[in-house]
Amino acid sequence: MGEKEKKEYSKRILLTGGAGFIGSHLVRRLVNRYPGYQIVCFDALTYAGNLENLRDIEEAPNYTFVKGDICNFDEVKRAFADYGITDVIHLAAESHVDRSIKDPFSFAKTNVLGTLTLLQAAKEFWEASPEGYSGKLFYHVSTDEVYGSLALDPTAEKAPYGADTFAETTPYSPHSPYSASKASSDHFVRAYHDTYGMPTVITNCSNNYGPYQFPEKLIPLIINNILNRSPLPIYGKGENVRDWLYVEDHASAIDKVFHEGKPGETYNIGGENEWKNIDLVRELIRITDRLLGRKDGESESLLTYVTDRKGHDLRYAIDSAKIRRELGWAPATSTEEGLEKTVKWYLANKEWLERVTSGEYREYYQQYYGKDED
Ligand code: NAD
Ligand code: DAU
């Protein structure tokens, strides 16, 4: 790419993990809302990466896909140089807690070393540019799981540090290999800010749900299993609590923080929308049965209590007062609306679900880009 093309865009954003669940919503939002920005989706296309998620915008002039691994310093450096990257929005990660329990090493590699590789490439590239760090931003998209677990009933028994919700000041206390790796990557991001003066920002978000989520995660897994009349696995007693946020509201929060957040700061993002797993699954049964024209509660018989997740965090709940107060962000989607839209999307996109569960989606890169998978 020549100098002229680089200068056409006011920002050239390396968006890592853009072919994944949240990344694809964010890519779509930024490509459509900001024609003056170039969005470079940098993704290794692991099992969780699916370019079919981005089909509707793949021809947009300000969208570019680069297949690359954040752990590969040469590939990352090349992307910075080829596109004159001005900003990074970093989502690429191994994201599934159950997989981290079985294979912690791949989480340390991608989430910790991959983040460090990106930070170092950004540092070298930006420090060598005439304007240095001015006008640059490294944004890390992180999770509320770094804060550990809250008590189920905050009035009866406080968490060790006496909090009922996670605030930005809550001490880190990760439990799973996934959350330990995300906590570590957050620390590296802060270290690059504090040591080298890199402009960085971190957001820690609660559980997302919505279209294009890989059906290993609770909500799409349950919808898919109801559809196929397969067992609905509930870990333990189903008493664990998660704070759910519609994915487009997460994308709008990232957009807000990217443009208005203060470098060096952390913002918590959440729906303030807590559900016990069993109650959420029952709600999904109610909605899905209705939309499928089944008898009310027909799929309740599929509920299956299974062995609990090892080290299963009891409760997450986000205090999002800071981003609401300082940046004026708030979720736009009610749970009722979000769950209804989500179930409708999966039912209307059975082919997407089938291609993901059969593995056919992995052929799309080769078909569209005419290159072999490596
Ligand atoms: P996802 O698993 O759906 O997508 C991850 C993406 O990263 C995939 O496209 C994958 O191909 C890519 N990737 C993985 N390893 C890579 C590597 N080495 N190099 C380049 N790309 C690689 O994840 P998600 O649920 O969309 O989450 C995105 C980010 O948001 C993650 O960092 C996650 O920790 C964070 N987060 C997720 C949630 C949630 O509820 N899903 C909540 C808060 C924060
Ligand atoms: O809190 C943010 C995090 O939310 C993100 O950082 C992670 O990337 C994301 O995967 C998610 O983690 P969880 O472990 O909370 O999500 P998951 O969908 O795997 O599980 C949600 C809850 O449902 C959790 O308490 C475990 C339970 N569960 C999950 C599955 C897959 C079940 O009971 N049965 C299941 O089959």
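Both ligands and their constituent atoms are indexed starting at 1 by order of listing. Predicted model, so just to flag it, every value in this text is computed and none were measured.
The proximity of S206 to ligand 2, defined as any non-hydrogen pair under 4.0 Å, is limited to the backbone.
Side-chain contact between R282 and L303 is present, with at least one heavy-atom pair separated by less than 4.5 Å.
When only interatomic distances are considered, the shortest N/O to N/O separation between H312 and ligand 2 falls below 3.5 Å. Distances between N or O atoms of V97 and those of ligand 2 include no value under 3.5 Å. Between P233 and ligand 2, at least one pair of N/O atoms sits closer than 3.5 Å. Remark: ligand 2 and Y316 share no N or O pair separated by less than 3.5 Å (distance only, no angle test).
Remark: ligand 2 atoms within the under-4.0 Å shell around heavy atoms of D144 are 1 (O), 2 (C). Ligand-side atoms of ligand 2 in range of H96: 19 (O), range being under 4.0 angstrom from any heavy atom. In summary, the atoms of ligand 2 found under 4.0 Å from a heavy atom of N277, numbered by their order in the structure, are 22 (C), 23 (O), 24 (C), 25 (O), 27 (C). In the vicinity of Y178, heavy-atom distances shorter than 4.0 Å reach the ligand 2 atoms 5 (C), 6 (O), 7 (C), 8 (O). Shown in contact with I234 at under 4.0 Å from a heavy atom are these atoms of ligand 2, numbered in order with element: 33 (O). Remark: ligand 2 atoms within the under-4.0 Å shell around heavy atoms of K217 are 10 (O), 18 (O). Atoms of ligand 2 lying under 4.0 Å from any heavy atom of L221, numbered from 1 in the order shown and given with element: 36 (O).
Counted by atom type alone, H90 and T115 present one or more donor-acceptor pairs between their side chains at under 3.5 Å. Under the 3.5 Å distance criterion, with hydrogens and angles disregarded, a donor-acceptor pair is assigned to the side chains of D249 and T333. With hydrogens and angles left out, the side-chain atoms of T64 and Q38 include a donor and acceptor closer than 3.5 Å.
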Q. Run the salt bridge (Lys or Arg N to Asp or Glu O under 4.0 Å) check on E248 and R29 step by step: do they pass?
A. CA-CA 9 Å; E248 285 178 9; R29 180 182 176 95; over 6 Å; no
Q: Test E265 against K322 for salt bridge (Lys or Arg N to Asp or Glu O under 4.0 Å), laying out the working first.
A: CA-CA 11 Å; E265 291 290 318; K322 180 176 172 182; 2.5 Å; yes
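Among protein heavy atoms, atom 7 (C) of ligand 2 sits closest to S95 O, 3.4 Å. Protein heavy atom closest to atom 21 (C) of ligand 2, with residue, atom name and distance, is L218 CB, 3.9 Å. The closest protein non-hydrogen atom to atom 12 (O) of ligand 2 is E145 OE2, 2.9 Å.
With hydrogens and angles disregarded, a donor-acceptor distance shorter than 3.5 Å links the side chain of R28 to the backbone of N53.
Geometrically, K67 engages Y365 in a cation-pi contact, judged by NZ or CZ lying under 6.0 Å from the ring centre and within 45° of the ring axis. Annotation: cation-pi pair R355/Y364 absent, no NZ/CZ under 6.0 Å from the ring centroid and within 45° of its normal.
Taking only non-hydrogen atoms, the option from E216, K182, R315, R309 nearest to atom 19 (O) of ligand 2 is R309. Ranked by closest heavy atom to atom 29 (C) of ligand 2, the top entry among F166, W244, Y235, Y305 is Y235. Closest heavy-atom approach to atom 16 (O) of ligand 2 within the set I222, N207, V141, N225: this belongs to N207.
Aromatic pair Y47/F214: centroids less than 6.0 angstrom apart. The distance between the ring centers of Y34 and H259 falls below 6.0 angstrom. With ring centers used as reference points, F65 lies under 6.0 Å from Y369. Ring-centre distance between W345 and Y212: below the 6.0 Å cut-off.
Put simply, V247 and V257 are part of the same group of oily side chains (I, L, V, M, F, W, Y) that touch within less than 4.5 Å, one to the next.
In this structure, the separation between CD1 on I89 and CD1 on I39 is 7.0 Å, given to the nearest 0.5 Å.
Enumerated by chain and number, the residues approaching ligand 1 to less than 4.0 Å through a heavy atom are G17, A19, G20, F21, I22, D43, A44, L45, T46, A48, G49, G68, D69, I70, L91, A92, A93, S95, T110, V141, S142, T143, Y178, K182, C205, S206, N207, N208.
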